[in-house]
Colleague: 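Please find one structure pasted underneath; my questions will follow.
Lettering follows sequence order; numbering is per chain, from 1. Side-chain atoms are counted along with the backbone in the values below, which use heavy atoms only and exclude waters and symmetry mates.
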Amino acid sequence: MNDADQYSIRDLADEFDITTRTIRFYEDKGLMQPARDGQRRVYSKGDRARLKLILRGKRLGFSLDEITQLVSLYETPEDTVPQLEQYLETLRNHRSLLEKQRADIERTLTDLARAEEECRQALTTTLNGQS
DNA sequence: ATTCTGACA
DNA sequence: TGTCAGCA
């Protein structure tokens, strides 16, 4: 089911070490729209490239929503400038999200350190009182 | 044998 | 995303 530029869902699943379920999952999310041979899904080289992009986005920590934006860009090699600008915006939004999460983590860390210190003091105070 | 859709102890 | 079911 291969050789030319046609791939079965299994060909892609094996190639990218993912399950066929995962590929269908991405399709449900609108990330891919493979051709059909009756009910069977038939993937082109373009579909394979798209899946590659989806997987790359996932590795970079992008949400499926962000990946959807990135994939849509790939689908239109035409207007380069607008694409790059949109891509840049997606990257900025992602950076913004990560920085917010980092800020939240740091805040939680300081709160944790404070609680820990209060706990230590309460503990030593109690021990002193008992001895 | 393999894929597909739908569903969820 | 896994998995099981009931089809084709």
Colleague: Any heavy-atom pair between the side chains of F62(A) and R56(A) that's under 4.5 Å?
Modeller: no
Colleague: So what's the dot-bracket for DNA chain C: Watson-Crick or G-U pairs under 3.5 Å, [ ] if a pair crosses, | if it pairs off-strand?
Modeller: .|||||.|
Colleague: Any salt bridge between K100(A) and D104(A), counting N to O under 4.0 Å?
Modeller: yes
Colleague: Send over the distance from F25(A) CZ to dT3(B) C1', rounded to a whole Å.
Modeller: 19 Å
Colleague: dT3(B) P sits how many Å from L12(A) CG, rounded?
Modeller: 11 Å
Colleague: Measure from CG on D11(A) to P on dT2(B) and round the result to the nearest Å.
Modeller: 13 Å
Colleague: Taking a hydrophobic cluster as the set of Ile, Leu, Val, Met, Phe, Trp and Tyr residues connected by side-chain heavy atoms closer than 4.5 Å, whether directly or through intermediates, do V42(A) and I54(A) fall within one such cluster?
Modeller: no
Colleague: Is there side-chain contact between L64(A) and L31(A), with heavy atoms separated by less than 4.5 Å?
Modeller: yes
Colleague: To the nearest 0.5 Å, how far apart are CD1 in I67(A) and CG in L53(A)?
Modeller: 9.5 Å
Colleague: Is it true that a side-chain atom of R102(A) and a backbone atom of L98(A) form a donor plus acceptor pair closer than 3.5 Å?
Modeller: no
Colleague: Sugar-phosphate means primed atoms, P, OP1 and OP2; the rest is base. With that split, encode nucleotides 4-9 of chain B 5' to 3' as B, S or - using protein heavy atoms under 4.0 Å.
Modeller: SB-B--
Colleague: Side-chain N or O of K29(A) versus OP1/OP2 of dT1(C): is the shortest distance under 4.0 Å?
Modeller: no
Colleague: Could R120(A) and E116(A) be called an ion pair, given the rule that one side-chain N must be under 4.0 Å from one carboxylate O?
Modeller: yes
Colleague: Please determine, by modelled atom types, if T20(A) and R24(A) share a side-chain donor-acceptor pair under 3.5 angstrom.
Modeller: yes
Colleague: Using whole Å, what does the distance between atom C1' of nucleotide dT1(C) and atom CD1 of I54(A) come to?
Modeller: 15 Å
